[in-house]
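Numbered from 1 within each chain, the chains take letters A, B, ... in sequence-line order.
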Amino acid sequence: MADKEEKLLRLRHSFSHVMAEAVLQMFPSTKFAIGPAIEHGFYYDFDLPRSITPEDLEKIEQIMKTIISGNHAFIRKVINKKEALDLFKDQPFKIELIQGLPEDEEISVYTQNTFTDLCRGPHAENTKDLNPCAFKLLTIAGAYWRGDEKNPMLQRIYGTAWETPKELRSHLEWLKEVEKRDHRRLGRDLDLFSTHEEAGAGLIYWHPKGARIRTIVEDFWRREHFRCGYEYLYSPHIGKSWLWQTSGHLDFYSENMYSPMSIDEQDYYIKPMNCPFHILMYKTRMRSYRDLPLRWAELGTVYRYERSGVLHGLLRVRGFTQDDAHIICTPAQIEGEILEVLRFSLNMWKAFGFTEIKAYLATKPEKSVGDDEQWEKARASLKKAIDTQGLAYDIDEGGGAFYGPKIDLKIKDALGREWQMTTIQFDFNLPERFDMTFIDQDNTEKRPYMVHRALLGSIERFFGVLVEHYAGAFPVWISPVQAAVIPVAPAFYDYAVKVENILKEADIRVVADVGNDRMNAKIRNAQNQKIPYMLILGEKEESAGHVSVRTRKGEQKNGLPVDEFIAFIKEKIEKKENV
RNA sequence: GCCUUUGUAGCUCAGCAGGCAGAGCACCUCCAUGGUAAGGAGGGGGUCAUCGGUUCGAUUCCGAUCAAAGGCUCCA
């Protein structure tokens with residue numbers, strides 16, 4: 001497996017060089033930046049005399065195929081810095097890269113056919129190792145040189161490349177599937193949510209069916225939290241500048257905050273986070289070590305400024321609801337609390353059908369608050385929790401926030417894509433800033449530990465991922481409509497309504513379709529709406545008090561007594577199973 | 001915010017060397033409708049994203065703005 005990945009990496013990197021050569025043939029004045037292999041393919045950044053178009057991509061592909069069929073070797077050569085600077089004297093980006101290399105670094109260049117590039121490698125041995133029918137140029141994008149918006153914008157060409165045409169085809173199929181599952185498309189088709197440009201970008205409107213799902217998710221979430229020893233809070237949406245000054249948000253987070261509104265000549269800010277409010281509640285009375293730990297949760301809606309170019313459906317918005325909680329505890333309790341949060345989180349993901357989860361542990365950055373001992377204790381408890389759960393993890397050395405280390409969880413969806421959702425963050429900053437204290441056993445004032453955590457992350461993003469994970473065909477317990485009653489003809493509309501009422505009585509979300517369509521159209525509509533169960537009713541069913549069940553998967557079970565169907569669907573709901 | 005592309009009916013999309021705006025689906029009405037993925041007929045619906053410019057005349061050409069898509073950076 002590792003061998004295969006290594007091989008793919010060489011191929012993709014080589015395709016990237018071949019593309020660069022093709023682009024150079026088309027535009028002899030091209031300046032080259034960088035062109036690495038990436039997941040599923042490769043890219044290369046160029047500075048070009050004009051914007052390239054999708055038609056250009058086809059031409060570039062053709063030239064690439066010609067180059068590949070020339071059976072050119074990839075030849076590696078080691079040169080010294082002076083030679084390198086001379087070789088790339090017309091390539092300012094390469095010069096910059098060379099000058100950035102450490103003095104003792106070995107500088108290598110790779111040449112195939114007419115093209116030589118500064119490159120560490122590795123590459124395929126020969127262009128004949130590249131299958132000319134196993135790659136495709138996909139998209140053109142702008143990208144800053146070295147990812148810095150102060151630098152010039154280059155043109156990036158993305159391509160996908162594989163060992164065989166068959167793998168390419170299946171990747172293109174996968175891309176089609178990604179498009180089909182796009183939550184923005186499904187959100188409209190299934191009537192779940194909308195956004196309104198005329199009323200503001202990045203703000204979500206939840207339609208009845210989307211809102212229904214949201215209440216199901218939130219009800220479940222709250223119940224689980226109460227069961228796990230959390231209390232629920234409500235806090236305001238705005239706060240005076242004193243609050244945000246004290247918390248430090250005005251100093252360190254203001255680029256994400258909206259301008260203040262003036263109320264009685266005081267500046268009020270809409271909240272980008274919930275924590276300061278929870279802290280004020282903590283400070284309303286003296287806290288004893290006996291009160292700790294406090295686990296305070298809130299589905300708190302926050303607003304953050306996001307640059308217009310980054311907004312994306314439900315996944316990146318300007319107003320969202322965090323499934324937030326703050327755990328305030330003694331240093332001695334911290335390890336157990338972290339363990340419990342992680343366990344809780346994994347259970348939550350399991351309930352919604354996600355089981356592949358990876359942890360990222362971010363440790364102390366150079367600039368930080370809090371003493372080393374605190375950091376170490378926190379890091380150790382995070383690490384221990386990950387180990388106890390047996391999670392796969394990566395360590396992001398120095399990647400923590402200045403106020404504390406954290407674990408982020410990335411969950412994998414049905415298409416194998418990773419989404420960063422859960423975050424568990426220590427905070428050594430706010431307890432200090434707000435002077436939070438508790439009275440310990442020895443009757444001295446001590447500083448509590450504080451942990452922020454969001455399990456689903458944000459309800460909006462979670463919903464977007466949920467939609468894509470299930471392609472809109474939600475498990476029965478989440479489906480906004482669990483059953484559609486479809487009479488075969490108007491003569492059975494009365495019975496259809498009767499069955500609908502019986503199911504409603506049993507708390508099943510059901511709709512009887514007694515409209516003007518013919519039965520076939522009703523089945524098609526229910527199918528397109530991804531309703532789990534269709535109950536088809538005609539004379540046979542009415543006279544026996546039965547229903548005939550068609551699932552959205554096309555399975556069929558005829559002549560089921562209504563009670564039996566209720567018991568059946570109740571079990572599906574109870575066990576959180578799919579159809 | 002920046003780069004590229006895009007914006008015509010609720011949705012998917014035609015159209016136009018500058019000269020009265022089109023289809024399918026959806027919606028409404030009527031007719032029809034007894035068995036597992038679209039019954040039929042008729043009808044309503046558009047300041048061609050917005051604002052400005054060029055022109056006798058702009059949905060079409062030009063500019064700005066807004067929004068969307070794919071990226072860059074950042075993040076729940």
Side-chain angles (χ1 to χ4, degrees), chain A residues 43 45 47-48 50-54 56 138-158 179 182 184-185 188-189 191 194-202 253 255-256 272-274 300-302 304-324 401 408-409 419-423 425 452-462 464-465 486-493 515-529 534-542 548-552 554-556 558:
Chain A
Y43 70 79
D45 289 346
D47 185 16
L48 298 171
R50 67 164 170 87
S51 297
I52 38 180
T53 64
D56 290 331
L138 295 175
T139 50
I140 307 155
Y144 298 106
W145 166 236
R146 297 196 147 174
D148 187 334
E149 67 187 34
K150 291 186 204 74
N151 287 335
M153 172 81 57
L154 307 170
Q155 297 191 63
R156 173 173 298 178
I157 301 178
Y158 281 99
E179 200 183 326
D182 191 311
R184 294 164 299 180
R185 168 189 291 268
R188 193 187 55 230
D189 292 350
D191 198 10
S194 59
T195 56
H196 298 268
E197 56 172 274
E198 65 277 31
Y253 203 72
E255 73 276 18
N256 284 296
M273 293 189 191
N274 304 302
T301 303
V302 298
R304 298 181 184 174
Y305 173 72
E306 297 287 355
R307 305 211 278 180
S308 58
V310 307
L311 300 174
H312 181 92
L314 294 169
L315 301 179
R316 192 69 181 276
V317 295
R318 285 179 171 160
F320 60 98
T321 301
Q322 289 184 306
D323 68 317
D324 207 359
D408 287 335
L409 297 186
W419 304 94
Q420 205 240 287
M421 311 296 280
T422 303
T423 184
Q425 308 189 349
H452 311 257
R453 48 113 280 200
L455 301 187
L456 304 177
S458 95
I459 300 295
E460 285 75 6
R461 174 184 284 180
F462 170 72
V465 171
I486 300 176
V488 302
F492 310 103
Y493 282 11
N516 279 338
D517 289 326
R518 289 169 46 142
M519 177 200 63
N520 285 348
K522 289 176 182 179
I523 289 175
R524 184 182 147 89
N525 290 340
Q527 188 73 44
N528 287 338
Q529 286 297 302
M534 287 160 255
L535 308 180
I536 317 286
L537 313 175
E539 179 162 7
K540 286 196 291 275
E541 288 77 9
E542 176 162 12
S548 284
V549 182
R550 177 198 161 104
T551 73
R552 68 181 166 208
E555 297 154 342
Q556 187 72 29
N558 291 338

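- On the P atoms, rA69(B) is 14 Å away from rU8(B), given to the nearest whole Å.
- rC25(B) is paired with rG10(B) under the Watson-Crick or G-U wobble criterion, all donor-acceptor distances under 3.5 Å.
- Residue contacts for Phe492(A): at a heavy-atom cut-off of 4.0 Å it reaches a base atom on one of the strands shown.
- Residue Met519(A) has its side chain nearest to rU36(B) when only rC3(B), rA32(B), rU36(B) are considered.
- The separation of rG43(B) from rU47(B), taken at their C1' atoms, amounts to 23 Å, rounded to a whole angstrom.
- Distance from the side chain of Arg156(A) is smallest to rC72(B) among rC11(B), rU36(B), rC72(B).
- Comparing the P positions of rG10(B) and rC27(B) gives a spacing of 15 Å, expressed to the nearest Å.
- Taking atom C1' on both nucleotides, rG22(B) is separated from rG45(B) by 13 Å, rounded to a whole Å.
- With rA76(B), rA38(B), rA69(B) as the candidates, the nucleotide lying closest to the side chain of Arg461(A) is rA76(B).
- Look at the C1' atom in both rA68(B) and rC25(B): the space between them is 22 Å, to the nearest Å.
- Closest approach to the Arg307(A) side chain among rG1(B), rA76(B), rG39(B) is made by rG1(B) (side chain taken as heavy atoms from C-beta onward).
- Residue side chain Gln556(A) reaches the base of rU36(B) through a donor-acceptor N/O pair under 3.5 Å, judged by distance alone.
- Closest to the side chain of Arg518(A), out of rC72(B), rA38(B), rU33(B), is rU33(B).
- Considering only the side chain of Asn516(A), rA32(B) comes nearest among rC72(B), rA76(B), rA32(B).
- Comparing atom distances between the His312(A) side chain and each of rA76(B), rG70(B), rA68(B) picks out rG70(B) as nearest.
- Comparing atom distances between the Ser548(A) side chain and each of rU36(B), rG71(B), rA38(B) picks out rU36(B) as nearest.
- Listed candidates were rU4(B), rA38(B), rG35(B). Nearest to the side chain of Glu541(A) is rG35(B).
- Across rG71(B), rU36(B), rA76(B), the shortest atom-to-atom separation from the side chain of Ala141(A) is found for rG71(B).
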